[in-house]
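This report refers to the structure that appears directly beneath it.
By convention in this document, chain letters (A, B, ...) are assigned in the order of the sequence lines, proteins followed by strands, and residues within each chain are numbered from 1.
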2 protein chains.
Amino acid sequence: MTPANAPDIAVARSHSAKRLSIIDAAACVFCREGFAGANIDLIAAEAGVSRQTVYNHHGDKENLLVAVVREITDRINVGVFDTLATFPDKPVDLEADLVAFAVRLNQNCICNRDGKFLRKLLHTEGERYPALFAGWREDGPAKTWAALAARFARLAHAGWLEIDDPDVAARQFLALVNADLQMAMIFGDNLSEEQLRTAATNAVRCFLRAYGKPRPAAI
Amino acid sequence: MTPANAPDIAVARSHSAKRLSIIDAAACVFCREGFAGANIDLIAAEAGVSRQTVYNHHGDKENLLVAVVREITDRINVGVFDTLATFPDKPVDLEADLVAFAVRLNQNCICNRDGKFLRKLLHTEGERYPALFAGWREDGPAKTWAALAARFARLAHAGWLEIDDPDVAARQFLALVNADLQMAMIFGDNLSEEQLRTAATNAVRCFLRAYGKPRPAAI
DNA sequence: GACGATTTGGACAAGTGTGTCTAAAAATAT
DNA sequence: ATATTTTTAGACACACTTGTCCAAATCGTC
């Protein structure tokens with residue numbers, strides 16, 4: 001099986017490489033021009049591929065959009081999961097640790113390429129093709145919020161925070177982290193690292209004023 | 001002049017009524033389908049007008065978009081201004097008054113028809129036609145934030161709040177108010193009044209935990 | 001009732017985009 | 001080196017849209 005497999009893998013590599021290249025280019029163009037305004041010739045050119053190849057791989061323009069959304073949401077879910085794993089469960093300096101976490105959240109999930117794509121696609125096509133994002137809606141925000149809420153609940157239990165409703169607190173944390181970035185993100189501005197840091201600091205300060213304890217009881 | 005005016009007004013009324021009707025329909029279709037996907041025949045039909053009339057009034061598809069954006073941003077600015085005027089400068093029950101204010105903000109500026117339109121147009125066309133929204137960007141968010149910050153600063157000065165940076169606090173207040181609504185708004189869900197009230201209550205509670213004083217020093 | 005302006009419906013040219021098809025070229029595996 | 005598969009480039013039909021033009025119809029005013 002192994003010798004017979006090798007060719008399959010090789011073919012699959014080139015094949016899937018093109019597939020990815022097409023999806024990336026399509027994501028880019030869909031986001032820039034909108035679904036209706038997106039031109040398949042342009043996507044093909046941007047992917048360095050002939051138009052026919054695009055049709056060979058994804059058949060349809062609508063199908064291509066589906067593939068793009070699936071790919072982006074998958075990547076985003078991975079990024080969120082990885083970043084959540086870096087939550088400061090055993091903080092040393094709670095404020096500094098939460099700020100660092102918030103910065104990572106912004107850099108790896110919200111302000112990066114995929115985050116921008118997902119946000120744009122959600123806003124442009126979310127209302128028209130709700131089914132496209134139904135899967136993400138269940139697997140994405142809901143689980144993220146719940147996971148973050150669980151982390152905060154543990155911090156509260158350990159005496160670092162005073163929280164009534166961890167779910168609400170988690171959503172508020174995320175809202176505060178984005179408070180200063182919304183406008184820039186809408187217009188596609190590139191955010192400097194310092195801006196990210198300032199935004200995160202403002203957010204965490206506010207969050208800790210609301211939910212922090214004067215002095216941690218444990219550790 | 002008055003008799004000579006009457007016809008003009010009458011004509012103008014019918015004229016401007018059609019103009020508005022066209023702009024409303026165009027806003028609707030642009031938001032649903034995106035600029036490229038918007039069909040002028042559809043806009044005309046939805047406005048109850050012949051296609052030629054659309055061209056008579058606005059000349060161009062792009063011109064029509066400009067008119068739509070101008071109209072929507074104007075209306076939004078008025079709504080924000082009016083709502084800001086209802087800020088509880090002399091609160092009786094600070095939490096209740098701020099909650100009521102937040103609910104008004106959501107109902108009159110953010111979750112209403114125009115708010116939805118502006119949000120959608122910003123996301124779909126903001127990056128491609130930044131000039132379209134340049135005027136709003138200066139007259140809208142910046143002034144709103146400043147005005148709200150001034151109100152909070154006065155509350156702080158009167159002893160109700162403890163705020164370092166009123167500008168940051170104002171942005172955070174708005175971010176908190178929207179924390180629970182983002183997802184629903186993206187998918188165009190209609191929000192019940194109870195949802196708005198709950199969201200506002202959560203937001204104000206968090207805001208006051210962060211910036212409220214244990215007991216107001218003055219009335 | 002007649003006038004002027006606006007609106008209407010339809011036809012029209014021109015351009016653009018999708019999706020299919022074909023034969024030639026390239027790449028890969030045997 | 002050869003056979004199989006993928007990719008390419010181009011042509012193609014078809015549908016759709018934009019923006020214009022025009023004559024008939026409608027509306028409100030005098």
The contact string for nucleotides 11-27 of chain D, one letter per nucleotide 5' to 3', using protein heavy atoms under 4.0 Å with B, S and - for base, sugar-phosphate only and none, comes out as B-----SSBBB------
Rounded to the nearest 0.5 Å, what's the gap from CG on N112(A) to CD on Q107(A)? Could you check?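 The CD atom of Q107(A) is 9.5 Å from CG of N112(A), to the nearest 0.5 Å.
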Would you compute the distance between atom CZ of F30(A) and atom CG of L65(A) and round it to the nearest 0.5 angstrom?
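Spacing of CZ (F30(A)) from CG (L65(A)) equals 5.0 Å.
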Exercise: identify the closest heavy-atom pair between W136(A) and P141(A):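 What the structure gives for the nearest pair is O-CD, 3.3 Å.
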When you look at R197(A) and E193(A), which way does the salt bridge (Lys or Arg N to Asp or Glu O under 4.0 Å) test go after all the steps? CA-CA 6 Å; R197(A) 191 145 199 95; E193(A) 193 161 337; over 6 Å; no
### Query
OP1, OP2 of dT8(D) versus side-chain N and O of T53(A): anything below 4.0 Å?
yes
Side chains of residues 56-63 of chain B: which donor-acceptor pairs under 3.5 Å do they make with residues two or more places apart or in other chains?
residue	atom	partner	partner atom	Å
N56(B)	OD1	Q52(B)	NE2	3.3
K61(B)	NZ	F35(B)	O	2.9
K61(B)	NZ	A38(B)	O	3.0

Would you call D139(A)-R70(A) a salt bridge at under 4.0 Å N-O?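 Salt bridge absent between D139(A) and R70(A).
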| So, are K143(B) and E138(B) salt-bridged, with charged N and O less than 4.0 Å apart? |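 Salt bridge absent between K143(B) and E138(B).
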When the distance from [atom1] of [X] to [atom2] of [N] is rounded to whole Å, what number comes out?
X      : N       : atom1 : atom2 : answer
I22(A) : dT6(D)  : CD1   : P     : 14 Å
L42(A) : dT16(C) : CG    : C1'   : 14 Å
K18(B) : dT6(C)  : NZ    : P     : 13 Å

Derivation of the side chain to side chain donor-acceptor pair (under 3.5 Å) call for R104(B) and T86(B) = CA-CA 9 Å; R104(B) 283 194 297 274; T86(B) 72; 2.8 Å; yes
Practice prompt. Tell me what H57(B) touches on the nucleic acid: a base, only sugar-phosphate, or nothing, going by heavy atoms under 4.0 Å.
Written response: sugar-phosphate
Report for the helix from dG1(C)-dC30(D) to dT30(C)-dA1(D): angle between first-end and last-end helix axes, five pairs each, rounded to 10 degrees.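 Answer rounded to 10°: the end axes differ by 30°.
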